Each structure stands twice: as structure tokens, then as C-alpha cells.
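No experiment lies behind these values; they were computed from the predicted model shown. Order of the sequence lines sets the chain letters (A, B, ...), proteins ahead of strands, with each chain counted from 1.
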Protein chains: 2
Amino acid sequence: MEQGNIVKKRRHMKILELISSQDIETQDDLSELLRIAGFEVTQATVSRDIRELKLTKSADENGIYKYTISQSEDDKSIGKYGFILRETVVSCEKAHSLVVVKTISGMANAACAAIDHMQWPHVVGTIAGDDTIFIAVKEPEDVKNVVEALNSILSRA
Amino acid sequence: MEQGNIVKKRRHMKILELISSQDIETQDDLSELLRIAGFEVTQATVSRDIRELKLTKSADENGIYKYTISQSEDDKSIGKYGFILRETVVSCEKAHSLVVVKTISGMANAACAAIDHMQWPHVVGTIAGDDTIFIAVKEPEDVKNVVEALNSILSRA
DNA sequence: TCACGGATTGAATAAAAATGCAATAGATTT
DNA sequence: AAATCTATTGCATTTTTATTCAATCCGTGA
């Protein structure tokens, strides 16, 4: 129950990818695109996903509606990257002088990009596999700080 | 029907005030509140107003939907909130160690929300009544800076 | 003043989104 | 493994929102 449903998380990520790469006007359109991408879902599920992801539909400058990632106060400090981490990271632990992050299958690269984007001063390098990320830090004592920083992001609403 | 162009602008401002001072779930609820406030409108008009104001409906932390002022135009947000301030603020003055802002009647909440969105570092707190806002700042000398910042926004074209 | 033209609006309706319910998939405990 | 939860989902339906169409309003220029 801590980890949740993997398929659902993958679908959520796909939804974020879809709405940030193209204009989507309706939930039906979105579920059709998800179906093409291999996610068999109905509009009802998309509606629930949208509530959980706190997506918004609003008019653009031409008055055309489209779904967008909302920028709530919470997200503002870390942007949508923190959001991606919360959606993909399963665990985050100290391992000797490295930080080892586990993600849901296939999501390590997305999560790693998010971590890189943070530009934390103590982080000197990252490597992403399929579901694992290694984070190298400057000093051994930085490991603890990075783990704490990550957990802080992961625990936000 | 005594509705006109100016009435529409006033209604738009009233909508901004309403959604920034309370949680509103549906357009029907909003049109009911507008009716109470003296604006006789149907849901159809509210739908159009919402498109024009680029408002969004999204879930809060509890999954309850409510209408909010869009932050999708974060680059232009100063302009957007500045617009609200210019439309509502009557005066802005230093009062001891506070900044006191007077607005047209009933608009303090909308204006206060706009000020809050500026996220000025010197501002530590705000309180809005019906037509008055108190702004608390960190240091006494910050009062002057905030008054100047506000006046700068108010004097823009 | 009167006629014209664009804007605004309400009523009705179409379109889109949210939800109650039941089935089932997954996890947890015994 | 069986029993028991909890979470997820689709279907059907309700609720909510957007739009169409016609009427009315407002400003403008003759």
C-alpha cells in the first residue's frame, strides 16, 4: 500500500507527458491518446487521474480550452520536477558513500532528470538504470543531506 | 435587462473577489452568489466569464474541486494581478509600521490575494477586511519599500 | 432621432466531466 | 492458502460546463 499501483503511476506519467507535449481539449481525447499508448482506460478513470494529478483545464489566449499542469503553491518551490519524483520514486537510501534511489520500473531516467534539475550543490554525478539511480556526492557526510532533501520532497502533499 | 459593458467588468471583478475569498465548486454556485450580490446572471454567462478570466477548476489537497485564479501565465502574473490591483485599489499609505491599502467596497479580498501572490520578501503577513488591507512587513524601513512597490504597480498604464 | 453592427445574454441543449455502484485486482493478515 | 481488506476500474448515470441560436442591448454615425 506504500508503493501503490504501478500501472496507475505509469499512466499518470504518461498523462503528464501527453499534456505537456500537445494541446488536449477533453478527457475523451486524452483517453484515446492513452489507448494508443497502450493504456486501456475510460473517461471515468481519466477524470479520476486528473483530480489526483490536480490538472486544470483553462482557456489559452485564443479562448481554446486545454489541460495543463497546475502550479500550486506547493509545487512552486520545486516545480513539476518534484512532482515527477513523487510519482516515480519508490525508495531512497544511503548506501556507503552513495545515495541509491529506486523508482518504478522504467522510470529511473525521468526521475534522474528531475534530480539533475535540482542542481544541488553537493551532488557531483548521477547514473540511471531502469529502476535505479546512483547519486554521487562530494563529501561522505553529504549523503545524509541528500537523502533528507529527497525525502522532504517526496513527503509533500 | 439593465446589463451593459461596465456591468460585465464589475461582474468580473466580483467573480475574482468571490473565488479568492471562498471555495466555490460549481458555476451554479457562483451564479447564485453573484445573484445575491446583485448580478443577475445565468450559468451560461458565468461559463463565458470563466473562459475570459482564464479561471481554472482544480482539486485541492482533499480532492475537492474549486475555482481558482489561473497561474498558468506565471510570467505575466505581475501584469495579471497588477491589473486586479489597479482595478480595485483606491489608496496605499504608510501607517506607523504597517502599510494600509484601501480598496473599493468589497474588493479587499481580491486585492489582498493579488498582493499575496506577489510574494514580496519583506511582506510577512496580510489581513483583508471589506475595503481595507493591512500589510505587515519585516522591518520598519520595509514599509516605505512596499508602498513604493505598490504605487509603482498602480501607476502603470 | 433612427438605423446599423457588434457585444452580451438567456433559454435550451449538446458536450464534457464527475460519481455511485458493483466487480475485481492486489495487498495484508492469519 | 484462505480470508479479509483496500484500491482501482468500467459502466451507467448524474451533474456540470460549453455552445448554439435568437433576442436584446449599446454605442456609433448618418
Can you measure [X] atom [atom1] to [N] atom [atom2] for me and round it to whole angstrom units?
| X | N | atom1 | atom2 | result |
| --- | --- | --- | --- | --- |
| D49(B) | dA18(D) | CG | C1' | 13 Å |
| I50(A) | dA16(C) | CD1 | C1' | 11 Å |
| E25(B) | dT17(D) | CD | C1' | 15 Å |
| D28(B) | dA16(C) | CG | P | 19 Å |
| L55(B) | dT17(D) | CG | C1' | 14 Å |

Side chain of [X] only, heavy atoms from C-beta on: which candidate in [options] is closest?
| X | options | value |
| --- | --- | --- |
| A44(A) | dA16(C), dT9(C), dC11(D) | dC11(D) |
| T26(A) | dG10(D), dA17(C), dT9(C) | dA17(C) |
| K57(B) | dT19(C), dT17(D), dT19(D) | dT17(D) |
| R48(A) | dT9(D), dT9(C), dA18(C) | dT9(D) |

Checking all strands, does [X] fall into the base, sugar-phosphate, or nothing category for heavy-atom contacts under 4.0 angstrom?
| X | value |
| --- | --- |
| E52(A) | nothing |
| V46(B) | nothing |
| Y67(B) | sugar-phosphate |

(message) I'd like to know if E25(A) pairs up with K57(A) as an ion pair, taking the criterion as any Lys NZ or Arg NE/NH1/NH2 lying under 4.0 Å from an Asp or Glu carboxylate oxygen.
(response) no
(request) Using only heavy-atom distances, decide whether a donor-acceptor pair under 3.5 angstrom links the side-chain of R51(A) to the base of dT8(D). (result) no
(request) Classify the side chain of Q43(A) versus the base of dA18(C) as yes if they form a donor-acceptor pair under 3.5 Å and no if they do not. (result) yes
With a 4.0 Å cutoff (strictly under), does any side-chain N or O of [X] reach OP1 or OP2 of [N]?
| X | N | result |
| --- | --- | --- |
| R11(B) | dT9(C) | yes |
| T45(A) | dG10(D) | yes |
| S47(B) | dA18(D) | yes |

(message) Return whichever of G63(B) or T42(B) has its heavy-atom-nearest nucleotide of DNA chain C closer to the 5' end.
(response) T42(B)
Can you give each donor-acceptor pair under 3.5 Å made by side-chain atoms of residues 130-137 of chain B, sequence neighbours left out, with the distance rounded to 0.1 Å?
residue	atom	partner	partner atom	Å
D130(B)	OD2	S105(B)	OG	3.4
D130(B)	OD2	G106(B)	N	3.3
T132(B)	OG1	K102(B)	NZ	3.1

(message) Ignoring hydrogens and geometry beyond distance, is a side-chain donor-acceptor pair present between T56(B) and T68(B) at under 3.5 Å?
(response) yes
